[in-house]
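Everything on this sheet refers to the single structure shown next.
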There are 2 protein chains.
Amino acid sequence: MARPRSFDEDKALDAAIACFWSRGLEATSVRDLAERMGIQGPSLYNAFGDKRALFARALERYATRTMRERIARFERLNDPKVAICTFIQDAIERSVCDPHRRGCLLVNSALEVAPHDKQLRTRIAAYLDEIAAFFRRNIAAAQAAGMTPETLDQADTARLLLGVLLGIRVLARANPDRALLEGVAGPALALLDGPAGTRTSKNRRGKRT
Amino acid sequence: MARPRSFDEDKALDAAIACFWSRGLEATSVRDLAERMGIQGPSLYNAFGDKRALFARALERYATRTMRERIARFERLNDPKVAICTFIQDAIERSVCDPHRRGCLLVNSALEVAPHDKQLRTRIAAYLDEIAAFFRRNIAAAQAAGMTPETLDQADTARLLLGVLLGIRVLARANPDRALLEGVAGPALALLDGPAGTRTSKNRRGKRT
DNA sequence: GCTATTCTTTAGCGAACGATAAAAATTATC
DNA sequence: GATAATTTTTATCGTTCGCTAAAGAATAGC
């Protein structure tokens, strides 16, 4: 009953993600977006509303395709401590091998966008909370499996790991040095093993390289 | 031998700091800056060069008047562990009582500016390194005083604390909740006391509120 | 094939951007 | 008071910004 859309909305969203990821929300122009998405400006407005709404859509897609995908993938390993360590180590690996220093779109948005936009802030806080919940869930599982000391507070340790993750992402924007980033992560991940001298075959992680 | 400047350069820089702190580098216009600095656009260009050069000057002044001032003030307490804890706790306090969520200009700049500007990135990395050096210096002093376990790696623990600080600052932009931010800091600061059960009158910190 | 509906394209709106040329104003030196 | 040097002011420059009106193109229902 009407002219069909001539472009793939998901592919267009992926192009928008790439734009926002590289330059952020404010510094990305609608013209840049339209060009990378392979459409004209008015088509963008027709399909997505305005730049901010497109950003919200892009961020939601990023959360699903990147953050949630990783959480699900690492949890399928069925080793909660490995899931946590792999998640952090994966962020370090990506930071070190990221010549344009794009970092994480979610972290970038938490800093650039959250303070100035109440609606997006709520969504961003919810995404961050999903990461904290992932950490907490796996800390609890590690404790239940006797791999991590019961003395660790689940909520606070999860918060620590979230803070460490964000810190790594920020630090990497200025200085993506592996020794530095692994230095940040090391003592936090070591907490999961408990104090030296209490380690058994159950709670010792493999050597981190 | 020439017309003298009619404005105070430091007061103008303070106004520029306020602008960049609230909205970042890109989102702050030269017109905003000139107005808040109480001068006309061309006077700004005459005195500081361009927007980027003004930003560099503002950031350097911020580093001295805010970051270095706090480091010096907390180190004058002559208790290395208290200096570290107070630094982190101070950042939390400021984050919680910050209705505009301005955060820390240095952290904001590390994320917004560092990836896109090599010169500023070098400076920002150096500022962050000053913070890491503060942490390391005081960890070493705490160990020398028998207040902190020798088993802690000085460099990595300092890096962890830097990461935690940055993480707190980012997290606060989206969700400046005291329980959340203190949850991030708590397990990291507890590391300085060593494992529960090994604590003596020398290594026990006061209760954190 | 006509109509109704939606999308795409062309063209451009007014506003804000970073930056500057040129003139007026203010000082020190002589 | 004249001169030279610097700052301040006024008035823009050309560009880019987010966004949109209007016209043309493509589809489904009849």
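Keep in mind that the numbers below use all heavy atoms, side chains included, and drop hydrogens, waters and symmetry copies. Reminder, nothing fancy here: chain letters follow the sequence lines and each chain counts from 1. Predicted, not measured: the structure shown is a model, and the values here were computed from it.
Atom-to-atom, CG of B:Leu33 to P of C:dG18 comes out at 8 Å; the value is rounded to the nearest Å. Straight-line distance from the CD1 atom of B:Ile39 to the P atom of C:dT26: 18 Å, rounded to whole Å. Atom pair B:Glu9:CD and D:dT7:P shows a separation of 10 Å (rounding to whole Å applied). For B:Arg5 and D:dT9, the CZ to P distance is 13 Å, given to the nearest whole Å.
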Intermediate values then yes/no, side chain to side chain contact (heavy atoms under 4.5 Å, CB included), A:Gln89 and A:Ile92: CA-CA 5 Å; A:Gln89 189 62 42; A:Ile92 293 175; 4.2 Å; yes
Set out, in order, the CA-CA distance, both residues' side-chain angles and the distance that settles side chain to side chain contact (heavy atoms under 4.5 Å, CB included) for A:Trp21 and A:Tyr62, then state yes or no. CA-CA 10 Å; A:Trp21 202 345; A:Tyr62 176 89; 3.6 Å; yes
Per-nucleotide protein contact string for nucleotides 21-30 of chain D (B base, S sugar-phosphate only, - none; heavy atom under 4.0 Å): B--BBBBS--
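One side chain, A:Ser29 or A:Asp32, offers a donor N or O that lies under 3.5 Å from an acceptor on the other. Between the side chains of B:Asn46 and B:Ser43, no donor-acceptor pair of N or O atoms lies under 3.5 Å. Between the side chains of A:Arg137 and A:Gln154, no donor-acceptor pair of N or O atoms lies under 3.5 Å.
In this structure, A:Ser6 does not reach the C:dC7 phosphate: none of its side-chain N or O atoms is under 4.0 Å from OP1 or OP2.
Between A:Phe135 and the choices A:Val164, A:Thr157, A:Ile88, the side-chain contact (heavy atoms from CB on, under 4.5 Å) rule is met once, by A:Ile88.
Considering all non-hydrogen atoms of both residues, B:Pro115 and B:Arg121 come closest at O-NH1, 3.4 Å.
Using a cutoff of 4.0 Å between basic side-chain nitrogens and carboxylate oxygens, B:Glu9 and B:Arg57 are scored as salt-bridged. In summary, B:Glu130 and B:Arg68 engage in a salt bridge, as defined by a charged side-chain N under 4.0 Å from a carboxylate O.
Remark: A:Ser43, A:Asn46 in residues 43-54 of chain A come within less than 4.0 Å of DNA chain C through at least one heavy atom. Non-hydrogen atoms lying under 4.0 Å from DNA chain C are contributed by B:Thr28, B:Ser29, B:Val30, B:Arg31, all within residues 14-32 of chain B.
The aromatic rings of A:Phe87 and A:Phe134 are tilted relative to each other, their planes meeting at an angle between 30° and 60°.
In terms of modelled atom types and a separation under 3.5 Å, the side chain of B:Glu112 and the main chain of B:Leu25 share a donor-acceptor contact.
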